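Could you have a look at this structure, given as structure tokens, before my questions?
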Protein chains: 2
Amino acid sequence: MRKTRISSAVVRRLPKYYRHLCDLERMGEEKISSQQLSEKTGFTASQIRQDLNHFGGFGQQGYGYRVGDLKKAITEIIGLDKSYKAVIVGYGNIGQAIHKYKRFDVKELDVVGIFDTKAGKKHGQEVKSVKELASFLKENPVDVAILAIPVEHAQEVADMLEEGMVRAIWNFAPTDIKVGFRIPIESVHLSESLYSLIFYSWNIDDYKEK
Amino acid sequence: MRKTRISSAVVRRLPKYYRHLCDLERMGEEKISSQQLSEKTGFTASQIRQDLNHFGGFGQQGYGYRVGDLKKAITEIIGLDKSYKAVIVGYGNIGQAIHKYKRFDVKELDVVGIFDTKAGKKHGQEVKSVKELASFLKENPVDVAILAIPVEHAQEVADMLEEGMVRAIWNFAPTDIKVGFRIPIESVHLSESLYSLIFYSWNIDDYKEK
DNA sequence: TAGATTGTTAATCGATTAACAATC
DNA sequence: TAGATTGTTAATCGATTAACAATC
């Protein structure tokens with residue numbers, strides 16, 4: 001029961017609010033005003049109040065926001081209070097790095113299967129063949145598929161993931177994959193990120209932080 | 001000698017143009033219209049013409065754009081025709097993955113130094129102590145610093161990088177680092193990326209591809 | 001020349017910022 | 001009550017889209 005559609009600009013800011021609220025909580029802060037949060041995040045106070053109000057009135061007029069309450073609210077809005085089952089498809093550099101990266105602050109990110117074109121053991125991990133992916137997904141519901149396979153196979157794997165009803169795809173392949181509109185895709189395009197940076201290194205006047 | 005300031009929205013699209021032009025070239029296409037490029041990229045034809053015109057008139061009225069010429073132009077606009085010296089600071093999962101990821105399509109990305117809090121050999125690579133970073137930078141000019149060190153040390157390393165006059169910082173630490181305004185920073189925040197995806201997995205109606 | 005498609009200006013849309021009434 | 005700060009509406013700004021004249 002939400003007032004309006006949430007723009008992607010707001011969605012991108014939610015994790016930043018979350019991060020800063022975690023910091024504040026760790027520092028023992030109890031209250032925070034939109035003005036103070038503005039200084040931390042670099043967003044304007046107006047924007048912060050606007051953003052938070054999309055989801056409900058978490059503040060108290062004349063006081064501000066209670067750090068604990070607001071953090072809890074945002075945790076639930078994003079869905080970080082829940083557990084997620086994940087598969088990793090493509091166990092090369094990136095796949096392995098994400099697997100070992102343990103700093104995701106969801107309740108649980110449970111990697112239930114790892115797949116690659118080459119099956120077998122890899123660094124002590126059981127890696128299944130991608131050929132088994134489709135049948136695996138029939139038996140095991142998966143929330144997040146981490147797609148870290150070369151471009152050539154990315155789309156066909158994505159098709160399997162769609163067929164296998166995964167709830168979201170986190171794509172690291174440097175290509176635009178397409179699936180039915182009911183599955184969100186978030187892509188991390190490392191090359192594109194570097195290229196933007198290189199552009200700015202030559203055109204610093206076009207650069208604006210944040 | 002540019003007409004206006006380039007908005008970050010345009011800068012984010014440049015690498016996508018580049019990627020699709022590479023595809024087209026590989027497929028042996030010689031010409032492309034803004035309309036056709038629109039179908040590939042998902043941007044509107046209008047937007048594409050608008051974007052390209054920020055940098056000059058690369059097209060030919062009544063004909064379209066020559067793939068080869070346009071690709072070359074964008075390569076130079078971004079700066080992909082040049083070589084870059086890089087250092088990696090933090091040689092954990094992410095630092096190593098980026099190091100091994102060889103698909104960056106710049107002329108050369110030469111990793112001239114790898115630094116970590118723990119010095120020594122790691123997987124056959126010489127890893128220097130971060131204590132040596134400042135003096136290293138005095139001797140060796142660096143274009144891109146790849147910052148993949150834990151949050152606790154990210155800002156102090158960034159300060160060294162600024163002092164050492166690196167030309168750009170590619171940040172993988174999940175924090176907002178601050179440096180003088182003459183150094184562009186591009187952050188890859190993996191957790192935030194995942195959190196956005198998780199949000200959309202619960203709020204698919206808010207999701208809009210691209 | 002006629003047809004096509006760019007380059008560019010004008011109109012629209014959406015997101016950000018400013019302002020202020022509500023209220024703790 | 002007076003002071004502070006939110007929640008929310010209105011104004012502004014900037015980016016996207018539409019339109020069309022220029023021209024190949």
Side-chain angles (χ1 to χ4, degrees), chain A residues 1-14 16-17 21 24 29-67 69-70 73-74 77 196 205-210, chain B residues 1-14 16-17 21 24 29-71 73-74 77 196 205-210:
Chain A
M1 211 107 42
R2 198 150 1 78
K3 305 183 182 185
T4 53
R5 210 178 151 283
I6 303 301
S7 80
S8 70
V10 177
V11 177
R12 301 259 90 85
R13 286 192 291 268
L14 284 175
K16 302 218 185 269
Y17 292 132
L21 287 163
L24 288 162
E29 299 294 331
E30 204 171 78
K31 74 161 273 236
I32 184 100
S33 68
S34 56
Q35 181 53 47
Q36 292 168 308
L37 200 49
S38 161
E39 283 151 26
K40 294 229 167 274
T41 59
F43 312 137
T44 64
S46 199
Q47 186 166 59
I48 291 167
R49 294 201 300 278
Q50 192 79 265
D51 282 359
L52 297 179
N53 263 81
H54 279 116
F55 302 100
F58 302 119
Q60 206 172 323
Q61 279 152 324
Y63 175 85
Y65 301 88
R66 288 185 190 284
V67 171
D69 292 355
L70 186 55
I74 292 183
I77 287 165
S196 299
D205 292 336
D206 291 322
Y207 180 72
K208 230 165 90 183
E209 48 183 329
K210 172 84 12 60
Chain B
M1 210 113 41
R2 192 126 39 56
K3 307 181 180 186
T4 52
R5 210 177 153 282
I6 304 301
S7 79
S8 71
V10 177
V11 178
R12 300 259 92 83
R13 285 193 290 268
L14 285 175
K16 302 217 184 270
Y17 292 132
L21 287 163
L24 287 162
E29 299 292 330
E30 205 172 77
K31 75 161 273 231
I32 185 100
S33 68
S34 57
Q35 181 54 46
Q36 293 169 307
L37 201 48
S38 161
E39 283 152 25
K40 293 229 168 276
T41 59
F43 311 139
T44 64
S46 199
Q47 186 165 59
I48 291 167
R49 295 201 300 278
Q50 192 80 265
D51 282 359
L52 297 179
N53 263 82
H54 278 116
F55 301 100
F58 302 119
Q60 206 173 322
Q61 279 153 324
Y63 175 84
Y65 302 86
R66 288 187 190 282
V67 171
D69 293 355
L70 186 56
K71 187 202 154 195
I74 291 182
I77 288 165
S196 299
D205 292 337
D206 291 322
Y207 180 72
K208 231 164 88 182
E209 47 182 331
K210 173 79 17 56

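In this text the structure is predicted, and so the values were computed from the model without any measurement. Reckoned from all heavy atoms, side chains included, excluding hydrogens, waters and symmetry mates.
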With sequence neighbours left out, what residues match B:Glu29 under side-chain contact (heavy atoms from CB on, under 4.5 Å)?
B:Leu24, B:Met27, B:Val67
Which whole-number value in Å describes the distance from A:Gln36 CD to D:dT5 P?
8 Å
As an exercise, state the distance from CZ of B:Phe58 to CD1 of B:Ile77, rounded to the nearest 0.5 Å.
4.0 Å
Rounded at 0.5 Å granularity, tell me how far CG in A:Leu14 sits from CG in A:Leu52.
8.5 Å
Please say whether more than 12 non-hydrogen atoms of neighbouring residues, nucleotides or ligands are located less than 6.0 Å from NZ in B:Lys31.
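Counting other residues, nucleotides and ligands, NZ of B:Lys31 exceeds 12 neighbours.
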Among D:dT6, C:dT16, D:dA15, which is the nearest nucleotide to the side chain of B:Ser7?
D:dA15
Please state how far atom NE2 in B:His54 lies from atom P in D:dA15, giving the value in whole angstrom units.
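Distance check: B:His54 NE2 to D:dA15 P gives 9 Å.
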Considering all heavy atoms, the nearest A:Ile48-A:Thr41 contact
CD1-OG1, 3.8 Å
Just how far, in rounded Å, is P of C:dA15 from CZ of A:Arg12?
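Computing the A:Arg12:CZ to C:dA15:P distance gives 13 Å.
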Show each protein N/O and nucleotides 18-22 of chain C N/O combination with a separation under 3.5 Å, one pair to a line.
| from | atom 1 | to | atom 2 | distance (Å) |
| --- | --- | --- | --- | --- |
| C:dA18 | N7 | A:Ser46 | OG | 2.7 |
| C:dA18 | N6 | A:Ser46 | OG | 3.4 |
| C:dA19 | N6 | A:Arg49 | NH2 | 3.2 |
| C:dA22 | N3 | A:Gln61 | NE2 | 3.1 |

Rounded to whole angstrom units, what separation is found between the CD1 atom of A:Ile32 and the P atom of D:dA4?
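The distance from CD1 of A:Ile32 to P of D:dA4 comes to 17 Å, rounded to the nearest Å.
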Does any pair with a residue in residues 43-52 of chain A pass salt bridge (charged side-chain N to carboxylate O under 4.0 Å, His left out), and if so which ones, sequence neighbours excluded?
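Qualifying pairs: A:Arg13-A:Asp51.
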Roughly, in whole Å, what's the span from CD1 in A:Ile6 to C1' in C:dG14?
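The distance from CD1 of A:Ile6 to C1' of C:dG14 comes to 14 Å, rounded to the nearest Å.
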Identify which nucleotide among D:dT6, C:dT8, D:dT16 has an atom closest to any side-chain atom of B:Gln47, counting heavy atoms from C-beta outward.
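So the nucleotide nearest the side chain must be D:dT16.
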Starting at CG of B:Leu70 and ending at P of C:dT5, how long is that distance when rounded to a whole Å?
16 Å
Taking all non-hydrogen atoms of both residues, which atom of A:Ser196 and which atom of B:Val11 are closest, and how far apart?
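Smallest interatomic distance, heavy atoms only, reads OG-O, 3.8 Å.
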Sequence-distant partners of B:Lys71, salt bridge (charged side-chain N to carboxylate O under 4.0 Å, His left out), two or more places apart:
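Scan of B:Lys71 (salt bridge (charged side-chain N to carboxylate O under 4.0 Å, His left out), adjacent residues dropped) gives B:Glu25.
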Applying side-chain contact (heavy atoms from CB on, under 4.5 Å), can you list everything that pairs with B:Ser46, at least two apart in sequence or on another chain?
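Testing B:Ser46 for side-chain contact (heavy atoms from CB on, under 4.5 Å), a comparison that skips the adjacent residues, returns B:Thr44.
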Would you say A:Arg66 places a side-chain N or O within less than 4.0 Å of OP1 or OP2 belonging to D:dT6?
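No, A:Arg66 has no side-chain N/O under 4.0 Å of OP1/OP2 on D:dT6.
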Hey, does the side chain of B:Tyr65 come within less than 4.0 Å of C:dG7's phosphate (OP1/OP2), counting only N and O?
yes
Find the distance B:Asp51:CG to C:dT6:P and express it as a whole number of Å.
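Atom-to-atom, B:Asp51 to C:dT6, this comes out as 13 Å.
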Separation of A:Leu52 atom CG from D:dG7 atom P, in whole Å?
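Whole-Å distance recorded here is 8 Å.
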So that I can compare with my own list, what are the stems of DNA chain C, taken as at least three consecutive Watson-Crick or G-U pairs with distances under 3.5 Å?
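In DNA chain C, stems of three or more pairs: C:3-24 with D:3-24.
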